[in-house]
Amino acid sequence: MPAPAPYLHFDGRAREAITFYATVFGGESEIHEFSALGRTDGPPDAVAHGILRGPVQLFCADVGE
């Protein structure tokens with residue numbers, strides 16, 4: 001059975017968080033910004049969906065408006 005993968009929400013600091021977790025746990029991070037996904041419910045450069053793949057898997061996003 002795979003381990004649970006938490007989805008964390010941040011108030012504008014998701015990019016910083018996913019980068020930090022990648023240095024702590026290892027793995028590769030992937031960041032999708034609001035503008036790249038065509039979303040207008042948050043700042044264009046905010047993280048709409050962040051992924052950390054590796055020994056620990058987690059997801060994160062900045063809270064939209």
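Residue numbers count from 1 along this sequence.
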Which heavy-atom pair separates Ala61 from Ala48 by the least distance, and what is that distance?
CB-O, 3.4 Å
For the side chain of Asp62 and the backbone of Ala46, is there at least one donor-acceptor N/O pair under 3.5 Å apart?
no
What pairs meet the salt bridge (charged side-chain N to carboxylate O under 4.0 Å, His left out) rule with one or both residues in residues 17-27, with sequence neighbours excluded?
none
List the atom pairs, with distances to 0.1 Å, where a side-chain N or O of residues 22-31 and a protein N or O form a donor-acceptor pair under 3.5 Å, not counting sequence neighbours.
{"residue": "Thr23", "atom": "OG1", "partner": "Phe20", "partner atom": "O", "Å": "2.6"}
{"residue": "Glu30", "atom": "OE1", "partner": "Arg53", "partner atom": "NH1", "Å": "2.7"}
{"residue": "Glu30", "atom": "OE2", "partner": "His32", "partner atom": "NE2", "Å": "2.7"}

Would Leu8 and Tyr21 count as a side chain to side chain contact (heavy atoms under 4.5 Å, CB included) here? Give the steps.
CA-CA 12 Å; Leu8 309 173; Tyr21 290 133; 3.9 Å; yes
Are Ile18 and Phe10 linked, directly or through intermediate hydrophobic residues, by side-chain heavy-atom contacts shorter than 4.5 Å (ILVMFWY only)?
yes
Show me the pairs that pass side chain to side chain donor-acceptor pair (under 3.5 Å) and involve residues 3-13, at least two apart or across chains.
Tyr7-His49, Arg13-Glu16
Can we say Arg39 and Glu33 salt-bridge, meaning some charged N sits less than 4.0 Å from an Asp/Glu carboxylate O?
no
Do Phe34 and Thr40 have side chains that approach each other closer than 4.5 Å (heavy atoms only, starting at C-beta)?
no
